[in-house]
Amino acid sequence: LNKCCHQALVQIGKEIGVDPEVILATSHGRRSIDVLEILQPRLANWEYVCEAEGKIPTEFGHDAVELPGSRALLDHLEQSGAPWAIVTSGTRPLVTGWLDIMQLAHPKNMVTAEQVQRGKPDPACYRLGAERLGVKTGKGDVLVFEDAPAGVKAGKAAGFRVVALATTHSIEQLREAGADWVVRDLRSVRMVGWDKKAGEVKVEIADALVV
């Protein structure tokens, strides 16, 4: 989705009078409203952010390419009935728009930017996600998948293990953020089982760049 997001940032940058490269350098893995608080405070409200983000999948979705391995992993989780959630710095209109455009599985549980007071790297979003999955913070294992240092830090601060995808940031940046594993993309991750009685999803990680 990188090309689409870059195109969207160029458009948003023109609208708010800020260099898109400045937005790009400060936004990845963070909520738009938090970035706007710094760059254009008058637009830092959910009405503007939801409207702007909601347009991105429909206007730029024709250039979208799914992350390798994502469809297989989500389909396996969904078909098995294993619990999973999306915890994102994007708004609900953005994430549901992308899932619809890409025809990917919709989770039963989702935490979006509007639902927490503080965005990543604050761990509140992941703690809320775990709560919605029925996992008490600090009890049981949660595996987080992230592609940005802010998200890696949020997952680790919540007390969870994190697989970082080296798709938008360097291996070193993700390692320094605290990732437990770094992989090139989701082709390195495979669901191998779901033990409903124990409440455990078994995942295999292959060809990790950092362990």
- Using the test side-chain hydrogen bond (donor to acceptor under 3.5 Å, both in side chains), find all partners of Asn109 that sit at least two apart in sequence or belong to another chain. none
- Please tell me if the side chains of Ile56 and Trp98 come closer than 4.5 Å, counting only heavy atoms from C-beta onward. yes
- Is Asp195 atom CG crowded by more than 12 heavy atoms from other residues, nucleotides or ligands, each under 6.0 Å away? yes
- Task: Using atom types as modelled and distance alone, determine if a side-chain donor or acceptor of Glu51 lies under 3.5 Å from a backbone N or O of Tyr48.
- Result: no
- For Ala158 against Tyr126, the heavy-atom pair lying closest together: CB-CB, 3.9 Å
- Task: Kindly say whether Ala105 contributes a backbone atom to a donor-acceptor pair with the side chain of Glu78 at under 3.5 angstrom?
- Result: no
Would you tabulate the side-chain donor-acceptor contacts of residues 174-182 under 3.5 Å, counting partners in other chains and residues two or more places apart, or write 'none'?
from: Arg175; atom 1: NE; to: Glu172; atom 2: OE1; distance (Å): 3.3
from: Arg175; atom 1: NH2; to: Glu172; atom 2: OE2; distance (Å): 2.5
from: Asp180; atom 1: OD1; to: Lys156; atom 2: NZ; distance (Å): 3.1
from: Asp180; atom 1: OD2; to: Lys156; atom 2: NZ; distance (Å): 3.0
from: Asp180; atom 1: OD2; to: Val162; atom 2: N; distance (Å): 2.7

- Message: Can you tell me how far apart CG (Leu39) and OG (Ser32) are? Round to the nearest 0.5 Å.
- Response: 10.5 Å
- Item | Asp141/Arg161 ion pair, N-O < 4.0 Å | yes
- So, the side chain of Gln40 versus the backbone of Gly17: is there a donor-acceptor pair under 3.5 Å, distance only? no
- Listed by chain and number, what are the side-chain contact (heavy atoms from CB on, under 4.5 Å) partners of Ala206, not counting sequence neighbours? none
- Task: To the nearest 0.5 Å, tell me how far Glu66 CD sits from Asp185 CG.
- Result: 11.0 Å
- Where the side chain of Arg31 meets the backbone of Val116, is there a donor-acceptor pair that is under 3.5 Å apart? yes
- Query: Looking only at heavy atoms, what is the nearest atom pair of Asp147 and Thr168, with distance?
  - Reply: O-OG1, 2.8 Å
- Item | Donor-acceptor contact present, side-chain Arg132 to main-chain Met110, <3.5 Å | yes
- Can you check whether Gln103's main-chain N or O pairs, donor with acceptor, with Arg71's side chain at less than 3.5 Å? yes
- For the pair His106 and Asp100, evaluate side-chain contact (heavy atoms from CB on, under 4.5 Å) and give the outcome as yes or no after the intermediate values. CA-CA 8 Å; His106 283 245; Asp100 288 341; 2.8 Å; yes
- If you round to the nearest 0.5 Å, how far is CG of Leu94 from NZ of Lys55? 13.5 Å
